[in-house]
Amino acid sequence: MIVKTKAQPWLDRFAGYLEIERNCSSHTVRAYLNDLRQLIESQLPPEPPVDQTFQVTGFLKAESLKDYMRSIQNKYSRPTLARKISAIRTFCRYLKREQLLPDDPSKLVRGPKLSRRLPACLDREEITRLFMAVGSETLGIRDRAILETLYATGMRVSELCGLKVKDYNPTAMEMRAFGKGSRERVVLLNESTRSWVHNYLENHWSKLASGRQPCPEDHLFISRESTPLSTRSVHRLVLKYALAAGIDKTITPHTLRHTFATHMLEGGADLRIVQDLLGHSSISTTQIYTHVSLDRIKKIYTATHPRA
C-alpha cells in the first residue's frame with residue numbers, strides 16, 4: 001500500500017533516534033516500530049487513493065489516539081498496552097522536538113495501571129537441587145557453568161548469550177556484561193562459579209568446537225554445533241533442570257536473576273550495590289526486590305516465631 005510505504009521514512013528516522021540518542025536496545029526499537037505501524041494502519045481508510053500523500057502528523061491528535069487505545073484495550077495485556085502507549089508518547093515527543101507537531105497530544109492519553117507482580121524466586125535448597133540435577137558430561141558441565149553464572153551474577157539471559165571469551169576474567173573473578181542499550185558493566189563471580197566456568201572453558205569448550213581452542217572473540221557459551229547459544233536454548237535448559245530437580249515453580253533464566261537480587265538483599269547487601277550489579281538505570285526498578293525480601297521474611301517469621 002502506497003500510504004504505508006510513505007510512512008516508512010518517518011519510522012526509519014525515529015528508529016535512528018531511538019538507537020543513537022536514546023540508546024535503546026534492538027528489541028525495544030523493533031517493538032516500538034511494530035506498535036507504531038499498527039497505529040498507522042488503524043488510521044488508514046480501507047482503500048486510500050493512489051495519489052494520497054501521507055501526513056505523519058495527520059492522525060496524531062488526542063481524540064484519535066484515545067479512540068485507538070479504546071479499540072485495542074481488550075485485545076492485549078496491560079504490560080503490552082503500556083508499551084504501546086510508551087511507543088506513541090516517545091514518537092510524539094520526538095516529532096514535537098523536530099517541530100513537526102505544535103504540541104504533544106499523547107499527554108492526554110492515559111495508560112492502564114500496572115499491578116506490580118512479585119517475581120518468582122528460588123530458595124537456597126531449590127538452588128542446590130537445580131545445580132545437582134545437571135550431569136557430568138560435556139553438555140552438563142557447560143550447563144552447570146551457565147546456571148552458576150546466572151545465579152552468581154544476576155545477569156540477563158541476553159547478556160549471558162552475548163558473552164565472549166575475552167569478557168571472562170578468572171584472575172579478577174569477574175565478567176564484563178553488555179546490558180540494555182549496550183551499556184557495559186562488570187559483574188562478579190564467586191569461587192564456585194569461577195571453578196565451573198574454568199573447567200568448561202579449559203576442558204570442554206573445544207569438544208563442542210570440533211577440537212578448536214577458544215579465541216578471545218569466540219562466544220563463551222556455545223552449542224554442540226559450536227554456534228553461539230540462543231536465549232531460547234538457555235530457557236529450555238533451565239526449564240529442563242528445574243523439572244528434573246522437582247521444582248514446582250515456573251522457572252526461567254530470569255528467575256535466577258530475581259533470586260540473585262533477593263538473596264543479596266536478604267544477606268544485607270546495599271540496594272545501590274544490587275542496582276549496579278543488575279545494571280538497572282533506576283533505583284525504583286531494583287526496589288521491587290525489597291518487597292520480595294520482606295514477603296519472604298514475613299513467611300519465615302510466621303513459620304518460626306512461637307507466638308506468630
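- Under the 3.5 Å distance criterion, the side-chain polar atoms of Glu21 are left unmatched by any main-chain donor or acceptor of Leu18.
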Practice task
Apply side chain to side chain contact (heavy atoms under 4.5 Å, CB included) to the pair Met175 and Asn169, showing each step before the final yes or no.
Solution key: CA-CA 6 Å; Met175 288 180 175; Asn169 186 338; over 6 Å; no
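- When every heavy atom of Tyr241 is checked against every heavy atom of Gly140, the shortest pair comes out as OH-CA, 4.4 Å.
- Under the 4.5 Å side-chain heavy-atom criterion for grouping Ile, Leu, Val, Met, Phe, Trp and Tyr, Leu239 is not connected to Val134 through any hydrophobic cluster.
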Practice task
Test salt bridge (Lys or Arg N to Asp or Glu O under 4.0 Å) on Arg212 and Asp218 and set out the steps.
Solution key: CA-CA 11 Å; Arg212 184 172 64 84; Asp218 285 324; 2.8 Å; yes
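- Connection of Leu100 to Leu65 is established within a shared hydrophobic cluster, with ILVMFWY side chains joined at heavy-atom distances below 4.5 Å, either directly or through further cluster members.
- Judged by distance alone, the side chain of Arg142 and the main-chain N or O of Tyr200 form no donor-acceptor pair under 3.5 Å.
- The shortest side-chain heavy-atom distance between Glu148 and Val197 does not fall under the 4.5 Å cut-off.
- Classified by interplanar angle (parallel below 30°, tilted 30° to 60°, perpendicular above 60°), the ring pair Phe91/Tyr94 is parallel.
- Panel note: side chain Ser86, backbone Ala82; no donor-acceptor pair is recorded below 3.5 Å.
- In this structure a side-chain-to-backbone donor-acceptor pair under 3.5 Å is missing from His263 to Asp123.
- Atom CZ of Phe260 sits about 14.5 Å away from atom CG of Leu122, to the nearest 0.5 Å.
- Counting non-hydrogen atoms of neighbouring residues, nucleotides and ligands closer than 6.0 angstrom, the CZ atom of Arg70 exceeds 12 such neighbours.
- The side-chain heavy atoms of Arg93 and Leu101, taken from C-beta on, include no pair separated by under 4.5 Å.
- Between the side chain of Arg194 and the main chain of Pro170, no donor-acceptor pair closer than 3.5 Å is present.
- For Arg257 (side chain) and Leu278 (main-chain N/O), a donor-acceptor pair under 3.5 Å exists by modelled atom type.
- Side-chain N or O atoms of Trp205 include one that pairs as donor or acceptor with a backbone N or O of Leu220 at under 3.5 Å.
- Summarising the geometry of Asp167 relative to Phe178, their closest heavy-atom pair is OD1-CE1, 4.0 Å, with the distance given to 0.1 Å.
- When all heavy atoms are compared, the tightest approach of Ala87 to Phe14 is O-CZ, 4.3 Å.
- With contacts defined as side-chain heavy-atom distances shorter than 4.5 Å, the pair Glu266/Arg124 qualifies.
- Arg224 CZ: 12 or fewer foreign heavy atoms inside a 6.0 Å radius.
- Between the side chains of Thr262 and Thr259, no donor-acceptor pair of N or O atoms lies under 3.5 Å.
- For the atom pair Lys96 NZ and Gln99 CD, the distance stands at 9.0 Å (nearest 0.5 Å).
- Between atom CG of residue Leu95 and atom CG of residue Asp103 there is a gap of 12.0 Å, rounded to the nearest 0.5 Å.
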Exercise for the section: Please assess Thr153 against Leu189 for the test side chain to side chain contact (heavy atoms under 4.5 Å, CB included), listing each intermediate value before the final yes or no. Expected result: CA-CA 6 Å; Thr153 65; Leu189 305 176; 3.6 Å; yes
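- By the 4.0 Å N-to-carboxylate-O rule, Arg176 lies too far from Glu159 to be salt-bridged with it.
- Using a 4.5 Å heavy-atom threshold, the side chains of Leu81 and Met69 count as touching.
- Here the side chains of Glu19 and Cys24 are not in contact, with every heavy-atom distance at 4.5 Å or above.
- Checked by atom type and distance alone, the side chain of Ser64 never pairs as donor or acceptor with a backbone atom of Leu60 at under 3.5 Å.
- Grouping the Ile, Leu, Val, Met, Phe, Trp and Tyr side chains by contacts below 4.5 angstrom, directly or via other members, places Leu108 apart from Leu39.
- Both Tyr76 and Leu36 belong to a single network of hydrophobic side chains, linked directly or stepwise wherever heavy atoms of I, L, V, M, F, W or Y lie under 4.5 Å apart.
- Looking at every heavy atom in both residues, Arg185 comes nearest to Met155 through NH2-CA, 3.8 Å.
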Exercise for the section: List the steps and the verdict of salt bridge (Lys or Arg N to Asp or Glu O under 4.0 Å) for Lys249 and Glu126. Expected result: CA-CA 10 Å; Lys249 295 178 181 177; Glu126 287 171 328; 2.9 Å; yes
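- Residue Arg144 holds its CZ atom at 11.0 Å from OG1 of Thr149, rounded to the nearest 0.5 Å.
- Residues Val157 and Leu256 form no side-chain contact, since every pair of their non-hydrogen atoms from C-beta on lies 4.5 Å or further apart.
- The minimum heavy-atom distance linking His219 with Ile222 is given by the pair O-CG2, 3.6 Å.
- Formation of a donor-acceptor pair under 3.5 Å by the Asn199 side chain with backbone atoms of Ser195 is not found in this model.
- At a threshold of 4.5 Å between side-chain heavy atoms, the hydrophobic network of Ile, Leu, Val, Met, Phe, Trp and Tyr places Leu237 and Ile127 in one connected group.
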Practice task
I would like to know whether Ser230 and Ser233 meet side chain to side chain contact (heavy atoms under 4.5 Å, CB included); could you show each step before the answer?
Solution key: CA-CA 5 Å; Ser230 67; Ser233 296; 2.9 Å; yes
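- Remark: Glu191 CD is packed, more than 12 non-hydrogen atoms of other residues, nucleotides or ligands lying under 6.0 Å away.
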Exercise for the section: Carefully, step by step, assess Lys84 and Asp35 under the rule salt bridge (Lys or Arg N to Asp or Glu O under 4.0 Å). Expected result: CA-CA 6 Å; Lys84 289 180 180 296; Asp35 292 337; 2.9 Å; yes
Exercise for the section: Quick one: do Leu208 and Ser226 satisfy side chain to side chain contact (heavy atoms under 4.5 Å, CB included)? Show the steps, please. Expected result: CA-CA 5 Å; Leu208 298 173; Ser226 74; 5.5 Å; no
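- Counting heavy-atom neighbours within 6.0 Å of Met173 CE, excluding the residue itself, gives a total above 12.
- To the nearest 0.5 Å, the span separating CD1 on Ile40 from OH on Tyr68 amounts to 10.0 Å.
- Side-chain contact, Thr138 with His204: a donor N or O sits under 3.5 Å from an acceptor N or O.
- For the residue pair Ser192/Asn190, the side-chain donor-acceptor check at 3.5 Å is not satisfied.
- Put simply, CZ on Phe131 and CG on Leu147 are 6.0 Å apart, with the number rounded to the nearest 0.5 Å.
- Considering all non-hydrogen atoms of both residues, Leu277 and Val186 come closest at CD2-O, 4.3 Å.
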